[in-house]
Every structure is written in C-alpha cells, then in structure tokens.
Amino acid sequence: MRSFPPEIVGEAVLNGLLTGAVYGLVALGLTLVYGVLHIINFAHGALLTMAMYAAFVAWQAFGLDPYVAILPLVPLFFALGYGLQRFVIGPASRGEDSNILLVTLGLSIVIENVMLAIFRSDTLSVQVPYAMEVLELGPMLLSFPRVVGFGVAFVVALVLFVLLTMTDTGRAIRAVAKERTGAALVGIDVKHVYAVTFGIGAACLAVAACLLLPFFYVNPRVGNAFVLVAFTIVVLGGMGSVPGALLGGLFIGVVESLSGLYLGDSLGQIGIFLIFILVLLFRPTGLFGAKA
Amino acid sequence: MTGRDLLPIAAFAAVAATLPLFVTAGTWLNFAVFTLIICLAAQGWNILGGYGGQYSFGHAAFFGTAAYATAILQVRYGVNPYPAFAVGVAAAGVVGWVIGLLSFRSGLRGSYFALVTLAFAEVFRVLANASEWTGGAAGILIRLDVRPENFQFASRATFYWVALALVVAALVVTRALERSRLGAQLVAVRENENAARALGVDALGVKLAAIALSAMITGAAGALYAQYFLYLDANIAYGTWISVEALLAPIIGGAGTVFGPVFGGIVLHSLSEFTKTLVGRIPGLDLVIFGVLLILVVRFPPREIPGLLKLWRRR
C-alpha cells in the first residue's frame with residue numbers, strides 16, 4: 001500500500017466528510033421512508049437522478065443557480081413523492097414486501113429510461129463560477145461547493161428533526177411508524193401520512209441534487225451510484241434512524257475518499273460495496289431490529 | 001415426469017426450430033438468438049425467484065462469471081470452447097452456491113436478499129473492470145475462428161438451434177424440478193418457510209440447491225453470449241441490465257411456471273422491436289415500456305401471482 005503525507009490523508013478525510021454529508025442527505029430520505037412505511041424504495045436513486053436533471057434544466061433553461069433552484073424543487077418533489085406513493089406504489093403493493101420491491105424497481109426503470117430518452121446518455125454538468133473555488137484550512141484545501149453541501153445537509157437534518165418532533169404532522173408520522181393500527185384508530189389518515197413521508201423523502205433528494213450538481217455530473221445512471229451508497233448508509237446507521245443516516249453518511253464518505261486514495265479510482269468504489277455486504281451478512285440482527 | 005409433461009415442450013421445440021426456415025434475414029436471426037439468450041438467463045432466475053420466492057437482483061454475477069470464464073479460458077489458456085463453456089457454467093454454479101451460503105445462512109430474505117445480490121454483482125463488476133486478467137475496462141475479445149469444433153458457426157441459423165437446444169433443455173430441467181421432491185420442497189419454502197421447516201424440510205439445503213441450479217442456467221446464457229458476440233466487458237457481463245432482464249421476463253411472463261420466462265422474454269423483446277420499428281430508435285423507450293408493464297402486472301395480477309401467462313391458465 002502506498003503511503004501519503006499526513007496533509008494529503010487529512011484532506012482526503014475532510015473532503016470525504018464533506019461529500020459524506022450529502023450522501024447522508026440522500027440516505028435521510030431513504031431511512032425515513034423505511035422507518036415509517038417499512039419499505040425499501042428501489043426508486044430512490046432514480047428519483048435523485050430526476051432531481052439532478054430538474055436542477056440542471058433549471059440552470060440551463062432559466063439560468064437558476066443550483067442553490068436557488070432548491071426553493072422551487074423542494075415543493076415540486078414533495079408533490080411528486082406524495083403522488084407516487086399515494087397513486088402508484090401504495091395501490092400496487094397491497095402491503096406485500098415483494099410487490100413493493102418490484103413496483104419500485106419498475107418505477108426506477110421507467111424514470112431512468114425516460115431521462116435517457118429525453119437527455120440521451122451524455123454526461124452533463126453545470127458551469128457555475130464557484131465550482132472550482134477552494135477554502136484554505138491550514139495546509140489543506142477544501143472545495144467550496146462541498147463545504148456548502150456539508151452545511152446545508154446539516155440544516156436540512158435539523159429542520160427534519162424539528163418537523164418530526166415539534167409539529168402535529170411529525171407526531172402523526174412518528175405515531176404511524178410506531179403503531180400503524182393504533183394511529184389509524186385515533187383518527188390519523190395512515191395513507192396520507194405514508195404519502196407525506198414519501199414526499200419528504202423525495203424533497204430531501206431535491207435538496208441533495210441541488211447540492212451535488214455544482215461539483216458532480218449528471219447522466220441517466222448517476223442515481224445508481226448513489227443508491228447502493230445510500231442503502232449502505234441506512235443499513236449502517238440503523239434502518240429508520242435520522243442521526244444514524246447522517247453519521248453513516250459521514251463514515252461512508254470518508255471510506256470512499258480513503259479507498260479512492262489508496263486503491264485508485266476504478267477499484268475505490270469496492271470499499272463501499274464490501275462494507276455493505278459485510279454489514280448485511282454479519283449484522284443481520286441490527287438490520288431486522290425495526291421489524292422484529 | 002411423464003410423456004405428457006414433455007409434450008408442450010416438444011411442441012414448442014418443434015415450432016421454434018422451424019423459424020430459420022422462414023426467417024433468413026441476418027438481423028432477425030440475430031434478434032432471435034439474443035432473445036433466446038435472455039430467455040435462458042430468465043429461466044435461471046425463475047428457478048430461484050419463481051419457484052423459490054427468493055428475488056435476486058444480481059443474476060448478472062452468474063451471467064458474467066460464466067461469460068468471463070468461457071472467454072478467459074479460451075483467450076488466455078487456449079482451452080477449447082466446449083470444455084470452457086462447461087467450466088463457465090460450473091463456475092457460475094459455484095459462485096451461486098457461495099453467495100447463497102453467505103446470504104441464506106445470515107437469514108437474508110425479501111428486500112435484503114435482493115440488495116445483497118445486487119451488491120455482489122456490483123463487486124464483480126468493479127473487479128472485472130479494474131483487473132488486467134479480465135481485460136480491464138477495454139474488455140476481452142475472443143478470436144474469430146469460424147469452425148464448428150471451435151463453437152463458432154458460419155450460419156446464424158446454426159447458432160439459433162444451439163441456443164434453442166439450451167432453452168429447451170432448461171425447460172425440461174424446470175419441468176423435472178416441478179415434478180421432483182426438491183421442487184415441491186422449494187415451493188413449500190416459498191409459501192411458508194417456517195411451516196416447511198417444521199415439516200422437516202431442510203430449507204437452507206433446498207435454497208442452496210435452487211440458487212446453484214439457477215446460477216448454472218443463467219451462467220449458460222452468459223457463456224453463450226460470450227460465444228456468440230465474441231466480446232465482453234464488465235458492464236456487459238456484470239451490468240445491472242442482465243439482472244433486470246433476467247427478472248422481468250419471468251415476472252411478466254409468469255414466475256414459477258415452466259413457460260413463463262420464455263413467454264415473457266419473447267413478449268418483451270417482440271414488443272421492444274415493434275416499438276423500435278413504430279417510433280424509431282429512441283434510447284431507453286423499450287425499457288420504459290418494460291417498467292410500466294412490470295408495475296401493471298404487479299398492480300393488476302392475473303390471479304395473485306404476477307404473470308401474463310396466468311391469464312390463459314385460469315382453472
């Protein structure tokens with residue numbers, strides 16, 4: 001194994017933490033949907049791809065800065081997520097695990113290929129003036145868009161936390177997550193809460209997409225790269241746990257950054273998959289904790 | 001298994017075998033061979049997913065392993081393609097058994113099994129893409145040497161018959177499984193694993209046998225792919241496309257039925273060709289249709305278990 005001077009390693013760790021926060025944001029939506037609906041949403045990655053294209057179009061057609069595009073995209077994706085759960089996934093799944101698996105897989109195939117049909121397979125990216133800017137932290141250089149992503153990801157997590165703990169909607173969501181039948185008995189509209197939760201998950205993706213776009217590219221398959229990462233984070237952080245998703249995201253960000261540094265780019269992705277498989281295989285009790 | 005069990009398969013084989021007598025255009029035979037390869041991969045998925053109820057999202061791991069083994073043995077070690085093909089199929093079986101052992105022993109099922117198989121396939125893809133031995137990102141090319149003893153045929157029709165023979169063999173294997181003790185136990189595990197175990201079924205053993213057999217059949221499709229197209233790279237061999245294709249055909253055609261995967265494969269690919277001629281070549285459009293079909297089949301199941309075939313098999 002090659003050895004690197006400490007400031008290179010430190011920089012890799014810090015950049016990993018910064019990217020990891022955005023990963024955490026992607027995982028946040030996934031873990032919330034899992035915690036409340038107890039479903040694994042395979043379409044999560046495709047929805048992220050879609051959000052990134054939406055942010056790209058906002059920039060190209062309307063000249064909106066990706067960070068400004070957060071404002072219109074969040075309500076848009078909330079509505080999209082709400083509709084998908086209420087009118088497609090919910091009715092089609094009829095409560096069966098395997099059906100949900102297939103329906104969300106079908107959704108992801110449809111979304112991914114609609115994007116392919118519209119935008120073709122070219123890799124696109126936005127040109128913003130601050131894309132290459134760096135912040136100096138001692139001897140280390142940090143990419144500006146990543147620092148913004150880090151900050152906003154934490155703000156979103158905080159907003160989500162406040163929403164879940166202090167509002168009536170949040171209380172209803174937590175009630176449904178804990179005890180679906182009981183929640184229905186006290187008059188909570190469970191189907192509505194499911195759809196709201198799914199909508200929040202999609203809204204998190206919209207934010208993540210806008211944060212990613214200034215330092216990442218978009219193509220029809222870009223979401224796939226994130227979806228396994230997000231699953232890994234969710235599994236690591238504990239299914240359904242909001243702080244777990246953020247911490248898991250930071251950890252995975254660092255792992256990815258370091259394995260990229262030591263193993264090279266093409267082999268670097270393998271670290272995440274291996275962690276994922278190992279956690280799934282050897283900590284299944286942790287996984288099924290929410291179900292059992 | 002009786003003669004009556006084999007009659008529909010024989011009828012299918014007889015009808016399908018006459019195709020090259022009517023269709024001689026290269027592109028159409030090409031399409032037919034490709035469809036048969038997909039059907040074969042789907043038949044493999046059907047053993048584990050359809051009869052065993054274990055939905056794998058990573059059958060690319062088996063497809064790719066057999067494809068690479070076949071190609072590498074020929075290109076790097078000068079092995080004749082026929083034994084290379086056999087080794088490829090066996091290698092896929094071993095990979096299937098190992099993945100099954102790891103996942104089933106850890107009690108993974110449902111979505112978790114789907115996720116872990118997906119991750120295994122991705123690990124293989126990254127490794128094949130990075131390793132020199134597999135040709136790396138540039139891929140691996142099998143030398144063109146058209147001789148029957150070299151598993152390369154001058155006429156596409158010959159290859160079509162070879163592919164058809166493998167599909168028919170897989171139909172017979174599936175039928176035999178359906179009629180066997182193992183098949184009954186596999187269905188019992190699918191319907192209710194705990195109940196099956198309470199009755200003394202060795203659930204782990206049954207699932208391991210199913211995944212190994214499943215991997216070998218999908219592996220045969222991969223080896224055939226390598227031998228037909230004579231080129232592989234990591235995104236072809238281990239790409240998610242084949243995992244999805246292998247799953248779509250049985251789900252849409254009728255999971256857990258003998259003819260489901262073949263029927264589904266033919267319907268899907270005819271549909272995709274039809275739309276191509278109708279609206280021109282728009283990338284991804286065929287898959288959009290596949291995805292919509294998948295959602296519709298799950299949403300409106302023709303008799304609870306998804307699958308168009310069940311529409312006609314109502315009893």
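A note on names: the letters A, B, ... follow the listed sequences, proteins ahead of strands, and every chain is numbered from 1. Keep in mind that the numbers below use all heavy atoms, side chains included, and drop hydrogens, waters and symmetry copies.
For the atom pair R221(A) CZ and T240(B) OG1, the distance stands at 4.0 Å (nearest 0.5 Å). How far CG of L102(A) is from CG of L247(B): 6.0 Å, rounded to the nearest 0.5 Å. Atoms CG and CG, on L118(B) and L228(A) in that order, are 4.5 Å from each other to the nearest 0.5 Å. Within the model, atoms CG of L281(A) and CG of L108(B) stand 6.0 Å from one another, a figure rounded to the nearest 0.5 Å. Atom OG1 of T117(B) and atom CD1 of I277(A) lie 9.5 Å apart (nearest 0.5 Å). The line from CG of L294(B) to OG of S108(A) is 9.0 Å long, rounded to the nearest 0.5 Å.
Surrounding NZ of K276(B) are more than 12 heavy atoms belonging to other residues, nucleotides or ligands, all under 6.0 Å away. Atom CZ of R299(B) is surrounded by more than 12 heavy atoms from other residues, nucleotides or ligands within 6.0 Å. With a 6.0 Å radius and a threshold of 12 heavy atoms from other residues, nucleotides or ligands, W133(B) has its CH2 atom at or below the threshold. Remark: R86(A) CZ is packed, more than 12 non-hydrogen atoms of other residues, nucleotides or ligands lying under 6.0 Å away. The local environment of CZ in F274(B) is sparse, with at most 12 non-hydrogen atoms from other residues, nucleotides or ligands closer than 6.0 Å.
Here the shortest heavy-atom pairing between I295(B) and G106(A) reads CD1-C, 3.9 Å.
Residue I89(A) does not touch chain B at all, counting heavy-atom pairs closer than 4.5 Å. For chain A, the nearby part of R125(B) is the side chain; its heavy atoms alone come within less than 4.5 Å. Interface remark: F290(B) contributes no atoms to any contact with chain A (heavy atom separation under 4.5 Å).
Proximity of L127(B) to I270(A): side-chain heavy atoms (C-beta onward) are separated by under 4.5 Å at one or more points.
Of the listed residues (V88(A), L116(A), T104(A), I39(A)), the one with the most heavy-atom contacts under 4.5 Å to chain B is L116(A). Ranking L105(A), V114(A), I118(A), L274(A) against chain B, the residue ahead of the rest is L105(A), based on heavy-atom pairs under 4.5 Å. Contact count versus chain A (heavy atoms, under 4.5 Å) is highest, among V123(B), I282(B), L248(B), for V123(B). Of the listed residues (M115(A), E112(A), R120(A)), the one with the most heavy-atom contacts under 4.5 Å to chain B is R120(A). With chain A as partner, the option from V288(B), D286(B), V292(B), I289(B) having the largest number of non-hydrogen pairs under 4.5 angstrom is V288(B).
Under the 30°/60° scheme for interplanar angles, the aromatic rings of Y112(B) and Y34(A) are found to stand perpendicular.
In this structure, F273(A) has its ring center no closer than 6.0 Å to that of F120(B).
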